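Labels below follow one simple rule: chain letters A, B, ... track the order of the sequence lines, proteins then strands, and each chain is numbered from 1. Just so it is clear, the model here is predicted, and its values are computed rather than measured.
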Amino acid sequence: MTMEDKLRTPLPRDFYARDPRIVSRELLGKVLVRREGKKLLAGRIVEVEAYLGLNDPAAHSAAGRTLRNAVLFGPPGHSYVYFIYGNHYCFNVSCLPDGEAGGVLFRALEPLLGIKEMARARGIFLDGRPSNTRDLRKLTSGPGRLAEAFGITRMRDNAKDLTGADSDLFITADSYPSPRVRNTVRIGITKAAKRPLRFLIAGNEFISRV
DNA sequence: TTATAGATTGCCT
DNA sequence: GGCAATCTATAAT
């Protein structure tokens with residue numbers, strides 16, 4: 001069985017219909033997949049952050065439902081993509097049952113498949129192959145970077161159902177040993193900055209920051 | 001209608 | 001380590 005065969009089946013909606021902290025922990029070690037025509041992009045999820053909804057001042061859903069954040073209040077397993085600092089997209093998945101707000105932000109991936117395509121999408125020239133870790137880190141180590149590498153935009157991907165069998169964007173399980181999870185404060189926020197809602201694979205080289 | 005902060009990144013010193 | 005880039009949602013006038 002090839003790696004492509006293993007990366008075929010999206011996680012089901014039930015997986016996402018839980019507390020974002022639980023979903024965050026369990027997403028670590030799984031694989032984000034993008035189908036680009038015949039090409040397949042894949043990256044192991046190594047760093048995420050939970051955003052809790054109405055009771056979390058740092059969450060976009062904190063002040064209640066709006067047109068922008070409606071996905072976070074909707075059914076689980078849908079992508080929430082927003083544009084930040086006039087430059088970057090950030091990619092989240094909605095959690096909790098329909099009507100309850102919550103989500104997980106994808107902060108860093110370890111590139112697995114489609115490395116040349118990711119480099120092209122990022123405007124980076126990789127010299128030689130295989131590329132070293134320092135080069136690969138530039139592709140998907142950071143929320144804006146991974147979105148760009150996977151071609152994730154608001155127009156193309158916001159509100160997309162990530163659990164559909166024919167979706168071009170989804171998360172899948174992989175036969176990868178359960179990672180040792182480390183829990184820290186979230187990065188880059190000013191409100192509720194001390195809550196320990198960032199989750200990462202301990203020791204992984206592809207996390208966005210130490 | 002105008003002002004400002006923002007779940008970031010890359011370039012410069 | 002500092003800071004500009006550059007759009008959008010929301011707050012303030």
Nearest-Å distance once atom P is located in both dA4(C) and dT4(B): 16 Å
Distance, rounded to the nearest Å, where Tyr80(A) contributes OH and dA7(B) contributes C1': 9 Å
Among Arg35(A), Lys160(A), Lys39(A), the one residue meeting salt bridge (Lys or Arg N to Asp or Glu O under 4.0 Å) with Asp168(A): Lys160(A)
Nearest-angstrom distance from the residue atom CD1 of Ile187(A) to P of dG6(B): 16 Å
Short side-chain N/O contact from Arg209(A) to OP1 or OP2 of dT8(B), under 4.0 Å: no
Side chain to side chain donor-acceptor pair (under 3.5 Å), paired with Glu47(A), selected from Arg182(A), Arg198(A), Arg209(A): Arg198(A)
Residue Phe83(A), side-chain heavy atoms: nucleotide from dG6(B), dC7(C), dA7(B) that is nearest: dC7(C)
Aromatic ring of Tyr85(A) stacked on base six-ring of dA5(C), 5.5 Å, 30°: no
Euclidean distance, atom NE2 of residue His88(A) to atom P of dA4(C) [Å, nearest integer]: 15 Å
Residue whose nearest DNA chain B nucleotide is more 5′ - Arg122(A) or Lys191(A): Lys191(A)
Arg107(A) and Ser208(A) side chains, donor-acceptor separation under 3.5 Å: yes
Sugar-phosphate, base or nothing in reach of Arg68(A), heavy atoms under 4.0 Å: sugar-phosphate
Sugar-phosphate, base or nothing in reach of Arg154(A), heavy atoms under 4.0 Å: sugar-phosphate
Distance-only donor-acceptor test, Asn87(A) side-chain atoms vs dT9(B) base atoms, 3.5 Å: no
Rounded distance (Å) that lies between atom P of dT8(B) and atom CD1 of Ile152(A): 15 Å
Atom-pair distance (CD1 on Ile84(A); C1' on dT6(C)), nearest Å: 12 Å
Sugar-phosphate only, base, or nothing, as touched by Arg198(A) at under 4.0 Å among non-hydrogen atoms: nothing
Pair His60(A), Tyr80(A): side-chain N/O donor-acceptor within cut-off below 3.5 Å: yes
Nearest-Å distance for atom pair OH/P, residues Tyr89(A) and dT6(C): 15 Å
Distance below 4.0 Å between His60(A) side-chain N/O and dA9(C) OP1 or OP2: no
Base-pairing assignment for dT6(C) (Watson-Crick or G-U wobble, both under 3.5 Å): none
Separation of atom CZ in Arg107(A) from atom C1' in dT8(B), rounded to whole Å: 9 Å
Sugar-phosphate only, base, or nothing, as touched by Ser208(A) at under 4.0 Å among non-hydrogen atoms: nothing
Phe91(A) reachable from Leu96(A) in the ILVMFWY side-chain graph, under 4.5 Å edges: no
Separation of atom CG in Asp56(A) from atom P in dA7(B), rounded to whole Å: 11 Å
